[in-house]
Amino acid sequence: MPKVLVSDPIDQVGIDILSQVAQVDVKTDLSPDDLIHIIPDYDALMIRSGTRVTQAVIAAGNQLKIIGRAGVGVDNVDVLAATRKGIVVVNSPEGNTIAAAEHTLAMMMAMSRYIPAANQAVKSNKWDRKHFTGVEVYKKTLGIVGLGKIGAHVATVARAMGMKLLAYDPFISHERAEQLGCRIVEMDVLLQQADYITLHIPKTAETTHLINAAAIARMKPTARIINCARGGIIDEAALAEALKEGKIAGAALDVYEQEPLGESPLRSLGKEMVMTPHLGASTEEAQVNVAIDVAEQIRDVLLGLPARSAVNIPGLRPDLLEQLRPYLQLAETLGNLVAQLAGGRVESLTVRLQGELATNQSQPIVVAALKGLLSHALQERVNYVNASLEAKERGIRVIETRDASIKDYSGSLHLSAKGSLGEHSVTGALLGDSEIRITSVDEFPVNVPPNRYMLFTLHRDMPGIIGKIGSLLGSFNVNIASMQVGRKIVRGDAVMVLSIDDPLPERILEEILKVPGIRDAYTVTL
Ligand SMILES: NC(=O)c1ccc[n+]([C@@H]2O[C@H](COP(=O)([O-])OP(=O)(O)OC[C@H]3O[C@@H](n4cnc5c(N)ncnc54)[C@H](O)[C@@H]3O)[C@@H](O)[C@H]2O)c1
Ligand SMILES: O=C(O)[C@H](O)COP(=O)(O)O
């Protein structure tokens, strides 16, 4: 019988499902070393946010077939290491949506009426009514950052409470926002106009410290902020300072840069600061939902069936999957790349299967391209099952074409993304059975493998420009791993593709754009 380790508190209903097919061991107080020590015995691991499934855990998990996250965020799992090892990672993208949205609304109300501090006062035998005069949310403006599943439910309820709604989400269509009664605005407008700001975005390089001292300085002195998404989207030191100095009126946090929260200036703040210990998903209903959702998937995978909500493996028939796997990887990489070149909101994606690839079933390749395209915004929440639906809900039009006559590579894939900031295209092919090559960027021919960190420029093909970019990167201590220029005609326009060893500092793009002859520059993380 296979063995499943449950290393975080999971509802009994999940344990019962797993027990139908496996021996289930519940061990919820394991240290990282304990986990590494015992994981070699297990075929499956079921967790919540409390367990860190590091590369070392995955390396030790020689029997592991599946890691099930009873919740949404898999940021505590090294998904790349799991994928490399062929371990399926599944989650429950929707099981706790309502719980997290309701917790957000509860935090908004608790903060507005100082309920935690007032409760504490009454329990300490104080009857102080003056000190706890609050504010109403009715007719106030709520700024929602991230109008996905949780943001949308918060919008629906807040609207019914008489709030005016602004939303910032560059990846959502105006139609979807309108349906929810939200006006899409730029982040700066939201910061300046909102009485309440609530965050419902994933934590990415882009969103880390999105709310920092500069952003707080744009907010009204009466503004209040809520974070029930991920710790680190708010710069906690800057927030504590702003609250202490009365630059904003309040904050409610469920998630923290370090969890459990250690020493923190937030702890010494007064009634204006409301804190809960990552309780967004902690309702009876959500815990039943996520436990069933994930336990069923673990059971299915242990029985050799596909998982319905895999974060890292397509839910296709195994024989078809094997055949298409390298092209799915190509499509996903190109989708991710073209999304980052396009920036902003993508309105349409054209997927062209070329050469021999044109004879293949296109649907999984299109889904893989969409997964790559959306992964920049949605991270692990997009998978092969929900990519098409997510794209539809975001108003992204998908156009599939084929051209068997294009034979510069035996089979190649061309993606073109049209968006709010313009149109960009990329082509890719496979070298041998599975090595990916980017073979064109904005129709300029190149031949480069994808790299984790890349820099693309569009520039005038003229002497000296490559040297200038090289020196500029050098002056920022950025190491170039490889560089290639693609052009169609001599001294016309050209693209430069650089692979970089480390993430590029944010400021560098501004400097690159100042170099004479550079028309555009894009940093990409794959
Ligand atoms: N506190 C908790 O216990 C708890 C529970 C569930 C989920 N969460 C967290 O809540 C967050 C939202 O979850 P969800 O299920 O609604 O996710 P979702 O994927 O449905 O929605 C996220 C939205 O953020 C948008 N987005 C991405 N990058 C953005 C950016 N830079 N600026 C503005 N918008 C951006 C996306 O377009 C998407 O619409 C996640 O971080 C999730 O991990 C926390
Ligand atoms: O990503 C999630 O689903 C939430 O952060 C909930 O985490 P939890 O399962 O540890 O409560």
Side-chain angles (χ1 to χ4, degrees), residues 7-11 14 28 46-52 68-77 91-104 106-107 143-155 167-173 176-177 180 182 184-187 190 197-211 226-233 252-256 259-260 276-283 286-287 289-291 293-294 311 339 343-346 373-383 386-387 389-391 393-396:
S7 61
D8 282 317
I10 303 288
D11 192 275
T28 54
M46 186 159 176
I47 57 163
R48 283 176 62 189
S49 60
T51 301
R52 296 205 69 73
R69 160 57 163 125
V72 185
V74 290
D75 38 359
N76 51 327
V77 179
N91 69 351
S92 171
E94 289 173 15
N96 59 28
T97 298
I98 299 297
E102 289 187 357
H103 194 72
T104 304
M107 293 289 259
I144 303 174
V145 183
L147 204 52
K149 291 182 284 292
I150 298 171
H153 192 69
V154 167
Y168 171 69
D169 187 331
F171 309 104
I172 212 90
S173 71
R176 171 75 178 145
L180 294 165
C182 295
I184 290 274
V185 291
E186 287 305 320
M187 186 66 187
L190 185 146
I197 295 173
T198 184
L199 307 173
H200 301 290
I201 49 180
K203 185 181 173 197
T204 62
E206 221 169 282
T207 63
T208 298
H209 287 189
L210 179 72
I211 305 297
I226 308 148
N227 186 8
C228 290
R230 276 291 176 269
I233 299 174
L253 302 186
D254 185 45
V255 287
Y256 305 89
E259 292 184 14
T276 49
H278 203 146
L279 292 182
S282 294
T283 63
Q287 286 314 307
N289 291 342
V290 297
D293 204 357
V294 171
V311 166
R345 187 164 57 82
V346 171
L373 184 90
L374 293 168
S375 65
H376 183 56
L378 301 183
Q379 306 285 300
E380 65 276 356
R381 276 162 287 282
V382 63
N383 61 30
N386 66 11
L389 187 66
E390 291 278 358
E393 285 187 345
R394 282 169 168 68
I396 300 172

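Every number for a ligand or one of its atoms is a count from 1 in the order of the listing. In this chain, numbering begins with 1 at the start of the sequence shown.
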So is there a nitrogen or oxygen of Cys228 less than 3.5 Å from a nitrogen or oxygen in ligand 1? yes
Has ligand 1 got any nitrogen or oxygen that is less than 3.5 angstrom from a nitrogen or oxygen of Arg394? yes
Going by the 4.0 angstrom heavy-atom rule, the piece of Ala100 near ligand 1 is side chain
For ligand 2, is there an atom lying under 4.0 Å from some heavy atom of Ala70? yes
Between the side chains of Glu259 and Arg230, is the shortest nitrogen-to-carboxylate-oxygen separation below 4.0 Å, so that they form an ion pair? no
Classify the contact between His278 and ligand 1 as side chain, backbone, both or neither, using a heavy-atom distance cut-off of under 4.0 Å. side chain
Proximity flag Thr97 to ligand 1, non-hydrogen atoms under 4.0 Å: no
Between Val255 and ligand 1, is there a nitrogen or oxygen pair with a distance under 3.5 Å? no
Sequence neighbours excluded, the answer for salt bridge (charged side-chain N to carboxylate O under 4.0 Å, His left out) partners of Arg345 is Glu347
Side chains of Asp8 and Thr51: any donor to acceptor distance under 3.5 Å? yes
Going by atom types only, do Glu102 and His153 share a side-chain donor-acceptor pair under 3.5 Å? no
Which atoms of ligand 2 sit under 4.0 Å from any heavy atom of Arg48? 8 (P), 9 (O), 10 (O), 11 (O)
Counterpart residues, side-chain hydrogen bond (donor to acceptor under 3.5 Å, both in side chains), relative to Ser49 (two or more places apart): none
Just to be sure I read this right, does ligand 1 sit under 4.0 Å from the backbone of Asp169, its side chain, both, or neither, counting only heavy atoms? both
Name the option, out of Leu210, Val74, Ile201, that contains the heavy atom nearest to atom 34 (N) of ligand 1. Ile201
Within-cut-off N or O pair, Gln287 and ligand 2, under 3.5 Å: no
In terms of atom number and element, which parts of ligand 2 are under 4.0 angstrom from non-hydrogen atoms of Gly73? 1 (O), 2 (C), 3 (O)
Short N/O distance, under 3.5 Å, between Gly71 and ligand 2? no
So, Asn96 side chain and Ala281 main chain: donor-acceptor pair closer than 3.5 Å or not? no
Looking at ligand 2, does any of its N/O atoms fall within less than 3.5 Å of an N/O of Ala281? no
Please state which part of Lys149 comes within less than 4.0 Å of ligand 1, counting heavy atoms only: side chain, backbone, both or neither. both
Give a yes/no verdict on whether any heavy atom in Arg69 is under 4.0 Å from an atom of ligand 2. yes
Please work out, at 4.0 Å between heavy atoms, whether the side chain, the backbone, both, or neither of Glu94 comes within that distance of ligand 1. neither
Checking heavy atoms under 4.0 Å, the part of Ile150 that sits near ligand 1 is both
Regarding ligand 2, does Ser49 bring an N or O atom to under 3.5 Å of one of the ligand's N or O atoms? yes
Between His200 and Thr198, a side-chain donor and acceptor under 3.5 Å: yes
